[in-house]
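Note that the numbering runs from 1 along the sequence shown for the chain. Given the structure is predicted, the values throughout are model-derived calculations rather than measurements. Ligands are counted one by one from 1 in listed order, and the atoms in each one are counted from 1 as well.
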Amino acid sequence: MTTKTMTLINDETGEQIKLDVLQPTMGPPTIDVRPLYKKTGFFTFDPGYMSTASCKSDITYMDGETGILEYRGYPIEELAEHSSYLETCYLLFHGELPTAEQLEEFEGSVKKRSMVHEALKNFYNGFRRDGHPMAIMMGVSGALSAFYHDHMNIHDEKDRETAMLRLVAKMPTIAAWCYRHAKGLPFMYPKSSLSYSENFLYMMFGVPTTPYVANPKHVKALDVIMILHADHEQNASTSTVRLSGSSEANPFAAVSAGVATLWGPAHGGANEAVIRMLQDIIDSGEPLQTFIDRAKDKDDRFRLMGFGHRVYKAYDPRARIIREICHEVLAELPENSPHKAMLETAMKLEEVALSDDYFKSRNLYPNVDFYSGVIFLAMDIPLNMFTVMFAMARTIGWISQWNEMIGEEESRIGRPRQLYTGEATRKYTAMKAR
Ligand code: SDX
């Protein structure tokens, strides 16, 4: 039996209002509160959106209770095993897996757009060499809006697809050049002969003087990690892209706002914070329990980074896959590799935490960020580039969700209201009376 309506009763006046219940394909039904204010003069109150569906979407489905993640209905485990990042990009944006011809055309469309305007290189020189690469990524991705604005009609489906192709094609180039700028190395131009993830590693680590061939295990690992990071329903950065895009702002500017949001350690910045935490634990020589106790101490701001999730109250399915990739990538390293010690520490920390009632009772499990950094380190990707990797992978999610929103008939600007708790109306106080 599916609930069709919910009745709200004002206990003061006995007044009743019947609200429609909107049924999903999967997941919780939603109460349609759109008429609430007009009919009752009441707002709903939900800071952090703990119980609020901000939109309807066909793109990604998550079940936090059982740890399910699906892109357009396909389980993430199957995409990680059988798909490629570019095939997943096609799926997320267009809604169906491509035929061989469609995929070949899509890969060609991306490859031919992987260069950026030469003038874009000048933006890097404005940043200090030690500037955080996410600051550069945010600035340079936003700068794309200066190159693609006048001739773009966001209400035209083809123009929206071109914006997606440009972003998917250019973000790896922009991301790799953040690293090159920091290292004072020449910018490596993309190579059409290389696959997407191989090309990124080439632009990161290639040098003009000698041929560079990426480690095939690293190429495969990176491609799967990017599939796992591609989209995640209405997370903070995606919600930012939707909200900024809802004003009909330039999509490159909206994606830049998504980069800014992802940077926070409570969100995509956690992958960098996890490694700093693991390194602190190793350097301290303290028993793991010391850090578990600190994470539980309400008077201590310390949290187990890479643990917990707003939606997942089970093991993040992406973390499970990434943990397996850790073993594959690190297997090549010598036994005394510091990266192996880091992985060992992470796995022990997970074991101790998951046997502690504080974490079990709050359903706090490792999330996507807990193990990803260990792999990036093993691939010689520096700590401050981890969230840039996340942003590069999530770009397709952001622009697919933006496309879905702008393409909707009833698309309108997002404008939340508030519970005002400030001063009641009062008269201006003259200076001599203050
Ligand atoms: C990502 O939304 C997405 O989908 C995000 C993401 C994506 O793909 O887009 O999955 C990517 O951002 C993953 C999350 C990365 N962040 C971290 O790993 C940072 C550490 N985790 C936390 O800060 C926290 O778990 C959040 C931010 C992820 C979730 O926070 P919530 O949902 O607001 O939960 P909460 O802060 O209300 O915590 C509930 C309880 C609290 O204790 P009580 O008040 O009930 O006593 O759990 C505790 C929290 O103190 N808690 C933690 C903890 N996370 C939550 N305690 C110790 N260590 C932690 N990591």
Side-chain angles (χ1 to χ4, degrees), residues 27 46-54 57 59-65 67-71 76 88 92 134 225-242 258-278 281 288-322 346 349-350 352-354 356-373 386-387 389-398 400-401:
D46 188 14
Y49 309 115
M50 305 288 280
S51 304
T52 294
S54 61
S57 178
I59 298 174
T60 292
Y61 173 68
M62 297 168 62
D63 179 332
E65 303 310 315
I68 287 174
L69 173 60
E70 297 177 353
Y71 294 161
I76 194 68
T88 300
L92 285 168
M134 278 299 276
I225 288 172
M226 289 187 64
I227 290 173
L228 299 174
H229 284 76
D231 193 49
H232 215 234
E233 201 213 62
Q234 305 312 320
N235 58 85
S237 52
T238 298
S239 299
T240 300
V241 173
R242 276 183 171 260
V259 174
T261 306
L262 187 75
W263 192 2
H267 190 12
N271 53 17
E272 177 180 343
V274 167
I275 297 300
R276 293 186 192 284
M277 172 187 74
L278 292 174
I281 291 173
L288 291 177
Q289 193 58 47
T290 307
F291 294 88
I292 296 290
D293 294 342
R294 282 192 57 196
K296 292 156 62 175
D297 178 357
K298 291 302 168 205
D299 297 328
D300 188 333
R301 281 189 60 80
F302 176 81
R303 281 196 157 187
L304 275 197
M305 301 313 280
F307 251 78
H309 197 277
R310 172 59 60 75
V311 176
Y312 289 127
K313 302 311 169 194
Y315 211 104
D316 184 331
R318 301 168 298 175
R320 207 184 295 284
I321 298 169
I322 291 175
L349 188 62
E350 173 190 335
V352 174
L354 295 189
D356 185 298
D357 190 53
Y358 172 92
F359 292 87
K360 284 194 293 190
S361 64
R362 291 169 176 78
N363 297 310
L364 301 176
Y365 292 89
N367 59 51
V368 67
D369 294 308
F370 191 62
Y371 286 106
S372 54
F386 288 3
T387 312
M389 306 291 288
F390 196 150
M392 177 171 71
R394 183 55 58 84
T395 293
I396 186 58
W398 289 332
S400 298
Q401 299 267 355

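- Of all protein heavy atoms, the one lying nearest to atom 52 (C) of ligand 1 is Leu364 CD1, 3.6 Å.
- In the vicinity of Arg394, heavy-atom distances shorter than 4.0 Å reach the ligand 1 atoms 7 (C), 8 (O), 9 (O).
- Of all heavy-atom pairs spanning His267 and Asp369, the tightest one is O-OD2, 3.5 Å.
- For atom 20 (C) of ligand 1, the choice among Phe307, Tyr358, Phe359 with the nearest heavy atom turns out to be Phe307.
- At distances below 3.5 Å, not a single donor-acceptor pair connects side-chain atoms of Tyr365 with backbone N or O atoms of Tyr312.
- Residue Ala266 has at least one heavy-atom neighbour below 4.0 Å for each of these atoms of ligand 1: 12 (O), 14 (C), 15 (C), 16 (N), 27 (C).
- The heavy atom nearest to atom 30 (O) of ligand 1, considering only Arg318, His267, Arg303, Met62, is found in Arg303.
- Residue Ala236 does not touch ligand 1, judged by heavy-atom distances below 4.0 Å.
- Set against the non-hydrogen atoms of Gly306, the atoms of ligand 1 under 4.0 Å away are 17 (C), 18 (O).
- Protein heavy atom in closest approach to atom 46 (O) of ligand 1: Lys298 NZ, 3.0 Å.
- The main-chain N or O of Val368 is found under 3.5 Å from a side-chain atom of Asp316 such that the two form a donor-acceptor pair.
- Nearest protein heavy-atom neighbour of atom 13 (C) of ligand 1: Asp369 OD2, 3.4 Å.
- The ligand atoms of ligand 1 that sit less than 4.0 angstrom from a heavy atom of Met305 are 18 (O), 19 (C).
- Nearest protein neighbour of atom 14 (C) of ligand 1, counting heavy atoms only, is Asn367 ND2, 3.5 Å.
- Regarding atom 28 (C) of ligand 1, its nearest protein heavy-atom neighbour is Gly308 O, 3.7 Å.
- Of the listed options Gln234, Met50, His229, His232, His232 places a heavy atom closest to atom 7 (C) of ligand 1.
- In this structure, atom 39 (C) of ligand 1 has its sub-4.0 angstrom surroundings free of protein heavy atoms.
- Side chain of Asn367 to main chain of His309: no donor-acceptor pair is present (N/O by atom type, distance under 3.5 Å, no hydrogens or angles).
- The nearest non-hydrogen atom to atom 3 (C) of ligand 1, considering only His309, Met277, Arg310, Lys313, comes from His309.
- Side-chain N or O atoms of Arg310 include one that pairs as donor or acceptor with a backbone N or O of Gly48 at under 3.5 Å.
- A donor-acceptor pair is defined here as one N or O able to donate and one able to accept, closer than 3.5 Å; such a pair exists between the side chain of Asp46 and the backbone of Ser51.
- Using a 4.0 Å cut-off to heavy atoms of Ala270, the atoms of ligand 1 that qualify are 15 (C), 16 (N), 17 (C), 18 (O).
- Under the ring pair (Phe, Tyr, Trp, His ring centres under 6.0 Å) criterion, Phe307 pairs with Phe359, Phe370, not counting sequence neighbours.
- Side chain of Asn271 to main chain of Ser372: no donor-acceptor pair is present (N/O by atom type, distance under 3.5 Å, no hydrogens or angles).
- When only modelled atom types and interatomic distance are considered, Thr261 and Thr240 share a side-chain donor-acceptor pair under 3.5 Å.
- Looking from atom 2 (O) of ligand 1 to the surrounding protein, the closest heavy atom is Asn235 CB, 3.4 Å.
- Of all the atoms in ligand 1, the ones that sit under 4.0 Å from a non-hydrogen atom of Pro265 are 16 (N), 19 (C).
- With hydrogens and angles ignored, the 3.5 Å screen pairs a side-chain donor or acceptor of Ser57 with a backbone N or O of Ile59.
- Gln234 is linked by a side chain to side chain donor-acceptor pair (under 3.5 Å) to Arg242, Gln401, counting only residues two or more places apart in sequence or in another chain.
- The shell of residues lying under 4.0 angstrom from ligand 1, judged by heavy atoms, excludes Val311.
- Of the possible donor and acceptor atoms, one in the side chain of Asn235 sits under 3.5 Å from a partner among the backbone N and O of His232.
- Under a 3.5 Å cut-off, the side chain of Thr238 and the backbone N or O of Trp398 do not form any donor-acceptor pair.
- Listed for the Tyr71 side chain is a donor-acceptor partner under 3.5 Å among the backbone atoms of Ile227.
- Looking from atom 57 (C) of ligand 1 to the surrounding protein, the closest heavy atom is Ala295 O, 3.6 Å.
- Only the side chain of Phe390 comes within contact range of ligand 1, with a heavy atom under 4.0 Å; no backbone atom does.
- Ligand 1 places these atoms under 4.0 Å from at least one heavy atom of Arg362: 40 (C), 42 (O), 43 (P), 45 (O), 46 (O), 47 (O).
- Residue Leu304 has at least one N or O atom closer than 3.5 Å to an N or O atom of ligand 1.
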